[in-house]
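Report on the structure given below.
Each chain gets a letter, A, B and so on, in the order the sequences are listed, and its residues count up from 1. Not measured: the values here are computed from a predicted model.
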Amino acid sequence: MTDNVITAHGLTKRYRRATVVDDINFDVAKGEIFGLLGPNGAGKTTTILMLLGLTEVTSGEVRVLGHNPVREPLAVKRRVGYLPDSVGFYDYLTAAENLAYTARLMGFPAAERERRIMSALERVKLADVANKRVRTFSRGMRQRLGLAEIVMKGAEIAILDEPTSGLDPQATVDFLGLIEQLKHEGVTVLLSSHLLDQVQRVCDRVALFQAGRIVLLGSVPQLAKEVLGAGFIVEVDAVAPPGADLEARLLAVPGVTAVQRSGDRYRLNATRDVRPDAARAVVAADGALSRLSVDAPSLEAIYTRYFQRKDQSEGVRDAA
Amino acid sequence: MRREGSAFQGLGTVVLKELSDQMSSIRIFVLELLVVALAVVSVALAIRQLGLTTAEDPFLLLRLFTVDNPPLPSFAGMLGFLIPLVAIGLGFDAISSEHNRRTLSRVLAQPIYRDALLMGKFLAGMATLGIMLLAMWLLVVGAGLFMLGVPPNGDEILRSLVFLLIALCYCGVWLAFAMLLSIVFRSAATAALIALGVWLFFVFIWPSLASVLAQVISPPDVRYVLLGLPTPGTIEMQQTLARFSPNQLFAEAVLAILSPSTRALGPIYLEQLQGAVMGTALPLQQSLLIAWPQIVGLIASTIVLFVAGYVVFQRQEVRA
C-alpha cells in the first residue's frame, strides 16, 4: 500500500450538531483519477477542504503524500494543486500576473517563474491571452486558468472541485481532455462532480457520497456488478422463422439469465457480453438478425438504481 | 503539537501585491486626492493667517499644523477627521472581497498560512497610509519653507516627525477596525456602513454624549456650582469617557507634541502650576511624556482590534 498518495481513515467533520462528513474511509493510488460523486451537500467539498488542511478535522486520520494536512499544511499545499468550485481570480490582473502571484507564494525564483507560467498557459491553450485581464475571460477560460495554476505549481496531486459544472459541451470535452493529459504525466487527480457521465468518462474509480457517507466505492464495472447485478443488457432484433423458438435458444446461451420478448426484439440480461453467442444462436435458428446492441453499465443507471433500491428498503423498514 | 513552518511565509509577497493593488486602485486615488486637496487648502489658509499675525513665533513650522483657519479646522484637526475615512476606505473590504471574488480558497491553497494573508494586507494598508502621510508632511514642510521663508529648527522637524508617527498609529486603529469588519461581514456594503457609522459617532456624537454621561455618573458638586466653577470630578469623568474615542486620543497627543507649551492634557489646579514659567516651551522629551499614555492607547487599540480580527479569521470557514 505504499503507492497510496491519499489515505483517509474514519474521517469525520461535525459542525455543532450536524455531521457533514461521517466516518469515511478511502485511499487514492498514485496516478489514478479518483471521482468523488454525489448530490450537492453530500460532503464532497468538505472532504476536499480537510485533505488540504483548509478546515479542521473533527476526528479520524488523513494523510496526503505522507503528511498530515492539519499539522503540516504547508508541505501538503506545496505539492497539491487545488481548483475550487467556481474558481475566482483577481479580475484587474492579467492571466500571467495572477499566476505570477501564485508562483511568488510558492517561492519559485524569478527566472523559473516566467518559464513555468508560459509553459502552463500553453498547456491549457491560454498563451495568446496571457496578457489579457481575467475580467474578460469566460467561465471555461477561468477553469482552464485554474488548471494552468496547478500545472505551473508542478503539483503531484490535482484536486478539482466541480471542474466542469457550468461549462458548455465543447469546453467540457476540452477540459476532460486536459485532465486525462495530467494523468498521463503521472499526476494523481481527485475530482468531485455531480455530473455522472463525465465522471464515468475519465475516472478510474469513484466514491459515491450520500449524506456525508461513502455508500459505494470502486471502479464503474465493479459497481455495476454490485448494484445492477448482471452487468450487461443485450438487445437482439431478429425475425425467426415460424416454429423456431428463438426465446428458448437465446436463454440457453451461457451467461444469459433472463430473456424478455416484445415483438421481434429480445432483451437479454447477461453476466457478460454475450453478443457473439447470441448472434450465433439466431443464425443457428435460421433467423434474420437485423440489430445487435449492448448497453455498457452506466454510472447513471447505477446511481439511479442504488437510490431506488435504498428508498424501497427504507420503505419496507418504515412499514415494519 | 506545533504547526510546521513559519507563519510569515509569503508575507512579503502578499504585502507587495496588496501595495501595488492599492497604489493602482481608483478608490485610493480619489481618497488621496481629497486628502491632499484639503491639506493644501488648510496649509494655504494657515500661511496667510500666520503671515498676518506673527513673525516672532519660535515654532512657526508647527503653527502650520495647528493654527485654526475658520471655517476649516487646523491641518492636524483635519487629519484627525480624515484619516479614519481613508483607513476605512482601505480596509473595509480587505477580506470580504477575497471571499466574494472567490479567490480566498485558491490563495489559501498555496503554501502560506492565513496569518500571512491578514498581516500582509494590514502592513500593505499601513504602508499606503504611511506613504500618503509622508507625502503630505513633505508638502506642508516644503510649502512652509517656501512661503514663510523661515527655516525650521531641528526640534520642530523632530516634533513634526513624531506627529507623523502618532498619525500612523491613529491610522492603525481605524485600519484594524475596518479589517475586522471586513472579516466579520461578508457584505462589503454592510462593513462600510458600520465603519462610517462608528466614525461619525466618534466625531459628532461621542464628545457631547461623554459630557452628558459625565454629569450623570459624577454629578456636579453644589459648592462648585454656587461659585460658578466646574466640578473637578465631573470634568475628569468627562475626559475619561471622551478618551474612549481614538479621535480624542489622537487630538490630545497631537496637542502635546505640536504645541510645545502644553503642560498637561487634563484639568490642573493652580497650585500645580506654582513655579512654572507659563508659556515657555517644554523639551521634546517632556512633551512626549505627556502624550505617552495617548500614544500607547492608540497602539494598544490597534493591537486589540487586529487580534480580534485574527481570531475570527482563523476560525472562519474558507468555503464560499
Most contact-rich option vs chain B, by heavy-atom pairs under 4.5 angstrom, among A/P73, A/G107, A/G146, A/G81, is A/P73

Nearest heavy-atom contact between B/R106 and A/N98 is NH2-OD1, 3.9 Å

*If you measure only the distance, is there a donor-acceptor pair under 3.5 Å linking the side chains of B/D21 and A/Y90?*
no

Student check: side-chain heavy atoms of A/M106 and B/I112 closer than 4.5 Å: no

Whatever's closer than 4.5 Å to a heavy atom in chain B on A/L49 counts as side chain

Turns out that what part of A/L93 lies under 4.5 Å from chain B's heavy atoms comes down to side chain

Are more than 12 heavy atoms from other residues, nucleotides or ligands located less than 6.0 Å from atom CZ of A/R123? yes

Legend entry - Flag if over 12 foreign heavy atoms under 6.0 Å of CD, A/E114: no

Note to self: Quick check on A/E56: does its CD atom have over 12 non-hydrogen neighbours (other residues, nucleotides or ligands) under 6.0 Å away?
What the structure shows: no

Turns out that what part of B/S20 lies under 4.5 Å from chain A's heavy atoms comes down to neither

Applying a strict 4.5 Å limit to non-hydrogen atoms, the region of B/Q9 in contact with chain A is side chain

Bottom line for A/A100: the part with an atom under 4.5 Å from chain B's heavy atoms is neither

Output for pair (A/Y92 OH, B/I26 CD1), nearest 0.5 Å, gives 12.5 Å

ask   = Could you walk me through whether A/F89 and B/R102 pass the side-chain contact (heavy atoms from CB on, under 4.5 Å) check?
value = CA-CA 7 Å; A/F89 290 92; B/R102 294 175 168 277; over 6 Å; no

In this structure, CD of B/E317 is separated from OG1 of A/T46 (nearest 0.5 Å) by 7.5 Å

Applying side-chain contact (heavy atoms from CB on, under 4.5 Å) to B/V14 and A/L105, what does each step give before you reach the verdict? CA-CA 8 Å; B/V14 176; A/L105 290 176; 4.1 Å; yes

One option among A/H67, A/R79, A/E72, A/E97 has the most heavy-atom pairs under 4.5 Å with chain B, and it is A/E72

Paired with B/Q110, the side chain to side chain contact (heavy atoms under 4.5 Å, CB included) test is passed by just one of A/R104, A/K77, A/R78, A/E149, namely A/E149

- request: Inspect the surroundings of CZ in B/F201 and state if more than 12 heavy atoms from other residues, nucleotides or ligands are less than 6.0 Å away.
  value: yes

Check this for me: A/R133, atom CZ, are more than 12 non-hydrogen atoms of other residues, nucleotides or ligands nearer than 6.0 Å? no

